[in-house]
Amino acid sequence: MNHTEAKDSRAVFWAAPMLLGLLLIFGGTLAGAALLSSGKLGQQMEPLAAYLPLFLGGLSAAFWGARRAPAQKFLMGILVGILLLGCLFLLGLTLRDAVFSAPAAGTTSGILLVASLLGAVPGASAKKKKRRR
């Protein structure tokens, strides 16, 4: 791989963390829904089953995005969280026939932005391992 190919591969550093975040959010939400419908979780645990995967997906996506960023790691980790939030809003509006709920949007935004902040801080400060040549 030459120098220009290495630059091109770093240009989309956010794609893999975004996919990881979406996978964790959708997989965790599906697992929570399965636990709720089977009766293993009570109805009082419904908010936790919905918001915990959102928090963990945003946290891991921001951490990995900040870790993979070529420069300005903290800001790039936050950017990955904001892009993840935009994807979720876009998917939510298209899959739910454009029904918008301000309280739900505010809760989702707050949880995801706090998770992105908490994930970007350790991701930006983590040191990369040096590779032997």
Side-chain angles (χ1 to χ4, degrees):
M1 180 163 48
N2 61 23
H3 184 66
T4 58
E5 289 175 0
K7 262 189 179 178
D8 292 340
S9 67
R10 285 184 278 158
V12 291
F13 72 93
W14 51 266
M18 287 278 298
L19 289 175
L20 173 72
L22 288 173
L23 179 71
L24 287 175
I25 290 170
F26 292 141
T29 304
L30 183 62
L35 289 172
L36 283 170
S37 67
S38 69
K40 296 192 190 273
L41 288 179
Q43 288 299 99
Q44 70 273 14
M45 299 296 284
E46 187 177 340
L48 181 66
Y51 294 131
L52 186 63
L54 180 68
F55 182 81
L56 292 177
L59 183 80
S60 60
F63 176 80
W64 198 22
R67 181 77 190 237
R68 290 181 52 144
Q72 297 180 349
K73 294 178 177 288
F74 178 73
L75 291 176
M76 294 302 151
I78 297 293
L79 178 65
V80 167
I82 292 171
L83 287 173
L84 187 61
L85 180 64
C87 282
L88 289 175
F89 277 150
L90 186 63
L91 284 170
L93 289 175
T94 54
L95 296 178
R96 294 188 308 169
D97 296 329
V99 175
F100 183 77
S101 169
T107 304
T108 302
S109 299
I111 289 172
L112 199 55
L113 291 176
V114 166
S116 298
L117 180 67
L118 292 176
V121 170
S125 64
K127 294 181 180 179
K128 288 188 176 181
K129 293 181 181 178
K130 293 184 179 179
R131 295 184 185 179
R132 291 185 180 172
R133 291 185 185 197

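Just so you know, these numbers come straight off a predicted model, no measurement behind them.
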- Task: Check whether any side-chain heavy atom of Phe89 lies under 4.5 Å from a side-chain heavy atom of Leu112, and answer yes or no.
- Result: no
- Can you tell if the side chain of Leu20 reaches within under 4.5 Å of the side chain of Ser60, non-hydrogen atoms only? yes
- Query: Is it true that Leu30 and Leu23 fall in one hydrophobic cluster, defined by side-chain heavy atoms closer than 4.5 Å?
  - Reply: no
- Search all heavy atoms of Lys73 against all heavy atoms of Arg67 and return the closest pair with its distance. NZ-O, 3.4 Å
- When rounded to the nearest 0.5 angstrom, what is the spacing between CG in Leu19 and CG in Leu84? 10.0 Å
- Query: Do Ile82 and Leu113 have side-chain heavy atoms sitting under 4.5 Å apart?
  - Reply: yes
- Closest heavy-atom pair and its distance - Pro53, Ile25: O-CG1, 3.5 Å
- For Gly123 and Ala66, which heavy atoms make the closest approach, and how far apart are they? C-CB, 3.8 Å
- Message: If hydrophobic clusters are built by linking Ile, Leu, Val, Met, Phe, Trp and Tyr wherever their side-chain heavy atoms come under 4.5 Å apart, do Leu85 and Leu52 end up in the same one?
- Response: yes
- Kindly give the heavy-atom pair with the smallest separation between Gly81 and Ser116, and that separation in Å. CA-OG, 3.0 Å
- Query: Would you say Phe55 and Leu24 make side-chain contact, with heavy atoms under 4.5 Å?
  - Reply: no
- Item | Rounded distance [0.5 Å steps], CG in Leu54 versus CG in Leu88 | 6.5 Å
- Query: Can Leu56 be reached from Leu118 by stepping across I, L, V, M, F, W or Y side chains whose heavy atoms are under 4.5 Å apart?
  - Reply: yes
- Hey, could you give me the CG/CH2 distance between Leu59 and Trp64, rounded to the nearest 0.5 Å? 14.0 Å
- Query: Checking side-chain contact (heavy atoms from CB on, under 4.5 Å) for the pair Leu41/Leu48: CA distance, chi angles, key distance, verdict?
  - Reply: CA-CA 10 Å; Leu41 288 179; Leu48 181 66; over 6 Å; no
- Message: As an exercise, state the distance from OH of Tyr51 to OG1 of Thr108, rounded to the nearest 0.5 Å.
- Response: 5.5 Å
- Task: Mind listing the closest non-hydrogen atom pair of Gly21 and Ala61 along with its distance?
- Result: CA-CB, 4.0 Å
- Item | Straight-line distance of Ile78 CD1 to Gln72 CD, nearest 0.5 Å | 13.0 Å
- Note on the structure: Looking only at heavy atoms, the pair that brings Met18 and Val80 closest together is SD-O, 3.6 Å
